[in-house]
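Structure, as structure tokens:
Just so it is clear, the structure is predicted and the values come from calculations on it, not from any experiment. The first residue in the sequence is number 1, and the count goes up from there.
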Amino acid sequence: MDPDFWLQRWREGRTGFHREAVMPLLEKHWPALGAAEGAPVFVPLAGKTLDMHWLAARGHEVLGCELSPLAVQAFFAEAGLVPERERDADGLHHRAGRIDLVEGDVFALTDATLARMRAVYDRAALIALPPDLRRRYAGEVYGRLPGGCEGLLITLEYPQEQLRGPPFAVPEAEVRGLFAADWDVELLERRDILAQEPRFIADGVTALSTAVYRLRRR
């Protein structure tokens, strides 16, 4: 899977992963992290998620990263915002209010940028990546977040042989394998969502759950 895969999805409007409302699991579990008001929050592979607005409305400085220029443009246009733009080593920054959305490659973010993050919200990044890229992502992106950083990670679990991702199934054992060496990992909730996802049923998936984890960098 290369960047062109996602760029093509946005060009063709095949963005079923985008939600038209704030993620209820974010609203429910974000307070458990205890992230201080104003704390910088990193949102990787952000797309045009409304969750960034929700985090900003709670006083956080939000740093999103998104590869597709179409997604970045849509995010601000749909909110009626005209961002200021500036290019640096991270990529092309689009800033409006408390939100800074970088148009660029998440792996290319600088050490200094990631080191100032105090929290990370990952709803659609880890599950968007195949196994080899998940390992690289955990090591090269999460691996550069600072000690004390808090994370809310949301994954999907289903029989991977029943459906070719993305989104990919990431079971609890893999989450712990990816993060437990450097992060405290706590499962907050696992919820059966198959009945709410008719497209998975139509594709022959027989079991589907979402899992929510709290992460804390040691």
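- For Y121 and H29, the ring centers are positioned 6.0 Å apart or more.
- At distances below 3.5 Å, at least one donor-acceptor pair connects side-chain atoms of R214 with backbone N or O atoms of A32.
- F107 and L92 fall into different hydrophobic clusters, where Ile, Leu, Val, Met, Phe, Trp and Tyr side chains are chained together by heavy-atom contacts under 4.5 Å.
- Of the possible polar contacts, none joining the R116 side chain to the A112 backbone as a donor-acceptor pair under 3.5 Å is found.
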With side chain to side chain contact (heavy atoms under 4.5 Å, CB included) as the criterion, how do V185 and V175 come out once you've worked through the C-alpha distance, each side chain's angles and the decisive distance to 0.1 Å?
CA-CA 8 Å; V185 180; V175 170; 4.2 Å; yes
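- Counting heavy atoms from C-beta outward, V41 and R58 have side chains that stay 4.5 Å or more apart.
- Here the shortest heavy-atom pairing between V205 and P159 reads CG1-CD, 4.5 Å.
- Within a 6.0 Å radius of CZ in R164, no more than 12 heavy atoms belonging to other residues, nucleotides or ligands are found.
- The CD atom of E103 sits 7.0 Å away from the CD atom of Q73 when rounded to the nearest 0.5 Å.
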One pair to check against side chain to side chain contact (heavy atoms under 4.5 Å, CB included): R190 and Y213. What are the steps and the verdict?
CA-CA 9 Å; R190 177 176 283 110; Y213 300 88; 4.1 Å; yes
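- G64 and A46 get closest at one heavy-atom pair: CA-CB, 4.3 Å.
- When all heavy atoms are compared, the tightest approach of L129 to R134 is O-NH1, 2.6 Å.
- From E189, atom CD reaches atom OG of S209 across 10.5 Å, with rounding to the nearest 0.5 Å.
- The two residues A56 and V62 have their closest heavy-atom pair at N-CG2, 3.8 Å.
- Looking at L145, L153, L114 one by one, the single match for side-chain contact (heavy atoms from CB on, under 4.5 Å) with V120 turns out to be L145.
- Proximity of a side-chain donor or acceptor of R217 to a complementary backbone N or O of G143 within less than 3.5 Å is detected.
- Of the possible donor and acceptor atoms, one in the side chain of R218 sits under 3.5 Å from a partner among the backbone N and O of A181.
- Residues L126 and Y137 are in side-chain contact: their nearest non-hydrogen atoms beyond the backbone lie under 4.5 Å apart.
- Side-chain contact between H60 and W30 is present, with heavy atoms from C-beta onward closer than 4.5 Å.
- Atom CD in E157 sits 16.0 Å away from atom CZ in F168 (nearest 0.5 Å).
- Rounding to the nearest 0.5 Å places CG of D122 at 8.5 Å from CG of L215.
- No more than 12 heavy-atom neighbours from other residues, nucleotides or ligands sit within 6.0 angstrom of CD on E37.
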Under the side chain to side chain contact (heavy atoms under 4.5 Å, CB included) rule, what do L178 and W183 come out as? Steps first, then yes or no, please.
CA-CA 9 Å; L178 290 171; W183 298 74; over 6 Å; no
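- Counting only distance, with no hydrogens or angles, the side chain of E66 and the backbone of G47 share a donor-acceptor pair below 3.5 Å.
- Using the six-membered ring where Trp is involved, H94 and F76 have ring planes that are parallel, under 30° apart on the 30 and 60° scheme.
- The CG atom of L63 sits 5.5 Å away from the CG atom of D100 when rounded to the nearest 0.5 Å.
- Contact annotation: the side chain of C65 approaches that of L109 to within less than 4.5 Å [non-hydrogen atoms, C-beta and beyond].
- The shortest side-chain heavy-atom distance between L55 and L26 falls under the 4.5 Å cut-off.
- Checked by atom type, the side-chain pair D203/Y158 shows no donor-acceptor distance below 3.5 Å.
- Counting only distance, with no hydrogens or angles, the side chain of R123 and the backbone of M23 share no donor-acceptor pair below 3.5 Å.
- E150 places no side-chain N or O within 3.5 Å of a backbone atom of G34 that could act as its donor or acceptor partner.
- Using a distance-only test at 3.5 Å, with no hydrogens or angles considered, a donor-acceptor pair links the side chain of R98 to the main chain of G59.
- A donor-acceptor pair under 3.5 Å is absent between the side-chain atoms of T210 and the main chain of L156, judged by distance alone.
- The side-chain heavy atoms of P146 and R118, taken from C-beta on, include a pair separated by under 4.5 Å.
- Checked by atom type and distance alone, the side chain of D192 pairs as donor or acceptor with a backbone atom of L194 at under 3.5 Å.
- Of all heavy-atom pairs spanning V22 and D51, the tightest one is CA-OD1, 3.3 Å.
- Separation of atoms CG (L70) and NZ (K48) is listed at 10.0 Å; rounding is to 0.5 Å.
- Heavy-atom neighbours of R85 CZ from other residues, nucleotides or ligands within 6.0 Å: at or below the threshold of 12.
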Could you walk me through whether V106 and L45 pass the side chain to side chain contact (heavy atoms under 4.5 Å, CB included) check?
CA-CA 7 Å; V106 71; L45 282 62; 3.8 Å; yes
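- What you find for T49 and F75 is that their closest heavy atoms are O-CE1, 3.4 Å.
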